[in-house]
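Comments concern the structure below.
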Amino acid sequence: QVQLVESGGGLVQAGGSLSLSCAASGRTFRRFGMGWFRQAPGKEREFVAAIASSGDNTYYADSVKGRFTISRDGVKNTVYLQMNSMQPEDTAVYYCAVYSGIGSYFDRSSYNYWGQGTRVTVSS
């Protein structure tokens, strides 16, 4: 069993930056890829970014590529999402999740543990 706790959400102006953290419990953290998803009001949860267990490979949605950066710290059992040049369309609840090892990193059905989410609001 893995427990995930996100933090770092809040209110930011357009063009600003925010950094999210996701702390994971359990010794198996280093074995699995991790992902960030987001869900805006009235919309489905969508893929944002993912990172392989080694940290060598990262994946991004086209909408955030070049603005967001995912990273992980195996010692702290934490995955991060640095968000720069934020826009109002980035407003959503952000969730981190553990990749199951099966399927595409881009598909939410490939993730089997989820955090409770942290809310991000970008004002124009």
Is there a donor-acceptor contact under 3.5 Å from the side chain of [X] to the main chain of [Y]?
| X | Y | answer |
| --- | --- | --- |
| E6 | G117 | yes |
| D90 | Q87 | yes |
| S124 | P88 | no |
| T78 | K76 | yes |

Is there a path of hydrophobic side-chain contacts, each under 4.5 Å between heavy atoms of I, L, V, M, F, W or Y residues, that connects [X] with [Y]?
| X | Y | answer |
| --- | --- | --- |
| V79 | Y95 | no |
| Y113 | Y80 | no |
| M34 | F47 | no |
| Y105 | L4 | no |
| F68 | Y59 | no |

> Step by step, would you call S17 with N84 a side chain to side chain donor-acceptor pair (under 3.5 Å)?
Replying inline: CA-CA 4 Å; S17 299; N84 299 327; 2.9 Å; yes
Measure the shortest side-chain to side-chain distance between [X] and [Y] over non-hydrogen atoms and say whether it is less than 4.5 angstrom.
| X | Y | value |
| --- | --- | --- |
| V120 | M86 | yes |
| V12 | T121 | no |
| S123 | L11 | yes |

For the [atom1] atom of [X] and the [atom2] atom of [Y], what is their distance to the nearest 0.5 Å?
| X | Y | atom1 | atom2 | result |
| --- | --- | --- | --- | --- |
| L81 | W36 | CG | CH2 | 6.0 Å |
| K65 | T58 | NZ | OG1 | 9.5 Å |
| C96 | I51 | SG | CD1 | 12.5 Å |
| D107 | I102 | CG | CD1 | 12.0 Å |

> Within 45 degrees of the axis of the six-membered ring of W114 and under 6.0 Å from its centre: does R108 put its NZ or CZ there?
Replying inline: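 So R108 doesn't make the cation-pi contact.
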To check you understand the geometry: which heavy-atom pair defines the closest contact between [X] and [Y], and what is its length?
| X | Y | result |
| --- | --- | --- |
| A92 | A40 | CB-N, 3.7 Å |
| L18 | G8 | CG-O, 3.6 Å |
| Q39 | E44 | CG-C, 4.1 Å |

> Does a sphere of radius 6.0 Å around CD in Q3 hold more than 12 heavy atoms from other residues, nucleotides or ligands, not counting ones at 6.0 Å or beyond?
Replying inline: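 Atom CD in Q3 is not crowded, with 12 or fewer foreign heavy atoms closer than 6.0 Å.
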> Do you know which of Q82, M83, R38 makes side-chain contact (heavy atoms from CB on, under 4.5 Å) with L20?
Replying inline: M83
> Of the options F106, Y99, Y111, which is the one that meets F37 in a ring-ring contact (aromatic ring centres under 6.0 Å, His included)?
Replying inline: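 One option only clears the test, and that one is Y111.
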